[in-house]
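First comes the structure, then the notes that go with it.
Residue numbering restarts at 1 for every chain, and letters A, B, ... go by the order of the sequence lines.
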Amino acid sequence: MPIALLSPPKTEAELMARAQQLAGKSFAEVAAERQIHLPENLQRNKGWVGNLIEISLGAQAGSKAEQDFAHLGIELKTIPINAQGQPLETTFVCVAPLTGNIGVTWAQSHVRQKLAKVLWIPIEGERHIPLAQRRIGAPLLWQPSREEEQQLQADWEELMEMIALGQVEKITARQGEFLQIRPKAANNRALTTAIGPSGDKILTLPRGFYLKKQFTAPLLARHFG
DNA sequence: GCATGATCATTT
DNA sequence: AAATGATCATGC
């Protein structure tokens, strides 16, 4: 007898109340509540925690493009942290568009849309903690400050200019102070179309935008530090 | 392949 | 130790 699927939260307050009720619970506890299988580790289940939290908050798991709670204008992101509350990983934002970028501005960008309002759920992520014992932290509903938005915009414009000028294969994860571009693919044989150095079409590895820890660390510290 | 969810693991 | 580049699962 499957348990009932949680309905989407109707209001921001309801979403936050649910998120606060998850705080302090272990993955084992929450997985049991929702009758979700708990894997040994995340090696072959990298999105497991994100899916667990989605289901536990009433987002439709395996959803389509758009924010997790589109009716509330809120994107959900789990972020693994260490014992000091610092992020252990970068945060994937969205796929980097490698073609069709003529005339696209920061204001219209997917990065800005995705990050307009984010519900951050910190989770214990240190690998020495067995997955079952890792706990969920207190939620943080965040909107970028003017300064944060300017930081992201500057990196985005630099990186998008390189893409538009056919320099995508010269982009490295070292570029961008707060926002970087790295591979986002099943493996290194995956290919997608991009603009080449001569302005022609080339095939290259799909890339994604990621928030560097230099961006998310202060964001978390301001609230939890 | 692309979009969802990210973390792994090699390199520096 | 930290960051970069590579990778894993799933649905369509």
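Put simply, CG on A:L131 is 13 Å from C1' on B:dA6, counting in whole angstrom units. In this structure, A:R44 places its CZ atom 20 Å from P of B:dA6, rounding to the nearest Å. Between A:N187 atom CG and B:dA9 atom C1' there is a gap of 16 Å when expressed in whole angstrom units. Straight-line distance from the OH atom of A:Y210 to the C1' atom of C:dA2: 17 Å, rounded to whole Å. Distance A:I121 CD1 to B:dA6 C1': 15 Å, rounded to the nearest Å. Between A:N51 atom CG and C:dC8 atom P there is a gap of 18 Å when expressed in whole angstrom units. Summarising the geometry, the separation between NZ on A:K46 and C1' on C:dG5 is reported as 11 Å, rounded to the nearest angstrom.
Here the nucleotide nearest the side chain of A:V95, chosen from B:dT7, B:dA3, C:dT4, is B:dA3.
Using a 4.0 Å cut-off between charged side-chain N and carboxylate O, A:E29 and A:R135 make no salt bridge. Salt bridge status for A:R222 with A:E148: present, with a side-chain N to carboxylate O gap under 4.0 Å.
Listed pair A:K114 / B:dT4 meets the phosphate criterion, a side-chain N or O lying under 4.0 Å from OP1 or OP2.
When the local axes at the two ends of the helix from B:dG1-C:dC12 to B:dT12-C:dA1 are compared, using 5 base pairs at each end, they differ in direction by 40° after rounding to 10°.
Donor-acceptor pairing under 3.5 Å is recorded for the side chains of A:Q108 and A:T105.
The shortest side-chain heavy-atom distance between A:F209 and A:M160 falls under the 4.5 Å cut-off.
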